[in-house]
Amino acid sequence: QVQLAESGGGSVQVGGALSLSCEASGMIRSMKYMAWFRLAPGKERELVAGLDTDDNKFYIDAVKGRFSTSRYFNGNSMILYLRMSGLKPEDTAIYFCAASRRPLGARERDHSGNFDYWGQGTQVTISS
């Protein structure tokens with residue numbers, strides 16, 4: 001079992017920055033792929049950024065150059081970060097971290113159903 005808990009959401013103005021954290025505990029070192037998803041009003045949940053066990057990172061085009069993900073291990077726990085800058089109104093969403101027990105390729109990581117564990121989400125609101 002893995003437990004995920006996001007924090008760091010909030011409200012900022014256009015162009016601002018936020019840093020999200022996802023505290024992961026349990027069998028986190030056995031997870032093969034970690035990711036950030038977001039769910040915006042009226043839209044489907046979408047992958048934002050991903051990270052594999054070799055620290056290869058993926059970002060969707062909409063956030064490239066503005067968002068950065070990384071992780072820090074501390075014993076059997078881990079913190080997954082999503083640093084966001086140059087925020088836009090279209091970044092407004094609930095942000096979730098997710099973990100997969102399997103390695104995920106380019107086609108698989110897009111699908112939320114391929115992830116086994118989810119956090120509760122944290123709201124990010126960008127105002128103009």
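Just so you know, these numbers use all the heavy atoms, side chains as well, and skip hydrogens, waters and symmetry mates.
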Hey, does E44 have a side-chain heavy atom less than 4.5 Å from the side chain of S112?
no
Just list the side-chain donor-acceptor pairs under 3.5 Å for residues 4-16, sequence neighbours left out, or say none.
from, atom 1, to, atom 2, distance (Å)
E6, OE1, Q120, N, 2.9
E6, OE1, G121, N, 2.8
E6, OE2, C97, N, 2.8
E6, OE2, G121, N, 3.4

Test log, rule side-chain contact (heavy atoms from CB on, under 4.5 Å), inputs E46 and I60:
CA-CA 9 Å; E46 69 170 347; I60 59 172; 3.9 Å; yes
Check the pair M31, M78 against side-chain contact (heavy atoms from CB on, under 4.5 Å), reporting the backbone distance first and the verdict last.
CA-CA 11 Å; M31 296 297 106; M78 182 197 73; over 6 Å; no
What are the two closest non-hydrogen atoms of L39 and R45, and how far apart are they?
CD1-N, 3.5 Å
D61: salt bridge (charged side-chain N to carboxylate O under 4.0 Å, His left out) partners, not counting sequence neighbours:
K64
Please identify each residue that fulfils salt bridge (charged side-chain N to carboxylate O under 4.0 Å, His left out) with D116, with sequence neighbours left out.
R101
What ring-ring contact (aromatic ring centres under 6.0 Å, His included) pairs are there with at least one residue in residues 41-72, not counting sequence neighbours?
none
For Y81, the side chain to side chain donor-acceptor pair (under 3.5 Å) test, sequence neighbours excluded, returns none
Hydrophobic cluster identity match, L80 and I94, side-chain contacts under 4.5 Å
yes
Check ion pair R109-D52 (N to O, under 4.0 angstrom)
no
Atom pair OG1/CG of T125 and D91 - distance to nearest 0.5 Å
11.0 Å
Would you list the pairs meeting ring-ring contact (aromatic ring centres under 6.0 Å, His included) in which at least one residue belongs to residues 1-43, sequence neighbours left out?
F37-F115, F37-W118
